[in-house]
Amino acid sequence: MRHSLYLRLATLLIKADFSREEREWKRSVRKAQYEIPWGNEYLLKDIGLHLDGRTINDLEVPAIKTERQIRHLRRLIRLRIAT
């Protein structure tokens, strides 16, 4: 027994509507992934930005940065296993 043409058309349109909704949802999720919370200072700090959009590393003093790198390298050398 064959289904009526109207039933086939209805199922086709419903499937098309589902796929359209799925594409819209994926698009909105994709956009939300890269949306930066400019109004929240704490979230910006968590991702490494200031309120004006500059990175936190821009304000670092080079001497402090080199001291930290040297300390890290010394720690790595000290923990190296001699084989």
Side-chain angles (χ1 to χ4, degrees):
M1 182 170 180
R2 292 185 77 183
H3 293 287
S4 101
L5 179 64
Y6 294 116
L7 284 176
R8 287 187 192 174
L9 182 63
T11 56
L12 177 73
L13 292 175
I14 289 172
K15 286 180 182 178
D17 188 44
F18 282 153
S19 64
R20 180 188 56 83
E21 287 178 359
E22 183 76 19
R23 279 194 314 270
E24 286 179 0
W25 177 77
K26 284 182 180 179
R27 189 178 304 127
S28 68
V29 167
R30 234 179 289 127
K31 284 181 183 178
Q33 279 182 329
Y34 301 107
E35 197 171 284
I36 296 177
W38 292 112
N40 193 333
E41 179 182 351
Y42 300 105
L43 288 177
L44 285 173
K45 197 173 192 179
D46 285 344
I47 61 175
L49 295 175
H50 287 290
L51 282 175
D52 55 358
R54 291 179 293 132
T55 61
I56 290 176
N57 292 337
D58 289 346
L59 299 177
E60 277 190 38
V61 179
I64 296 173
K65 187 175 180 180
T66 54
E67 284 178 16
R68 186 172 57 243
Q69 287 176 341
I70 290 171
R71 191 170 55 240
H72 177 67
L73 289 173
R74 284 183 181 155
R75 184 169 27 100
L76 287 176
I77 290 172
R78 190 176 58 233
L79 295 176
R80 183 175 292 167
I81 299 171
T83 57

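Residue numbers count from 1 along this sequence. The shown structure was predicted, so the numbers you read here are calculated from the model rather than taken from an experiment.
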* Is there side-chain contact between Arg75 and Arg71, with at least one heavy-atom pair below 4.5 Å? -> no

* Results of side chain to side chain contact (heavy atoms under 4.5 Å, CB included) for Leu5 - residues two or more places apart only -> none

* To do: Among Ile, Leu, Val, Met, Phe, Trp and Tyr joined by side-chain contacts under 4.5 Å, find the other residues sharing a cluster with Leu7 and list them by chain and number.
  => none

* **Spacing of CH2 belonging to Trp25 relative to CZ belonging to Arg30, to within rounding of 0.5 Å** => 10.0 Å

* Structure fact -> Value for CD (Gln69) from CG (Leu73), rounded to nearest 0.5 Å, stands at 7.0 Å

* Structure fact -> Those residues at least two apart in sequence (or on a different chain) that pass salt bridge (charged side-chain N to carboxylate O under 4.0 Å, His left out) with Glu22 are none

* Structure fact -> For residues 36-48, the side chain to side chain donor-acceptor pair (under 3.5 Å) pairs (sequence neighbours left out) are none

* To do: List the atom of His50, the atom of Thr55, and the distance in Å for their closest heavy-atom pair.
  => CD2-O, 3.6 Å

* Asked: Are Leu51 and Ile47 joined in one hydrophobic group, where the rule is that I, L, V, M, F, W and Y side chains link up if heavy atoms are under 4.5 Å apart?
  -> yes

* Asked: By side chain to side chain contact (heavy atoms under 4.5 Å, CB included), which residues pair with Ile77, not counting sequence neighbours?
  -> none

* Asked: Residues two or more places apart in sequence or in another chain: which of them pass salt bridge (charged side-chain N to carboxylate O under 4.0 Å, His left out) with Asp17?
  -> Arg20

* Answer whether the closest heavy-atom distance between the side chains of Lys15 and Ser19 falls below 4.5 Å. => no

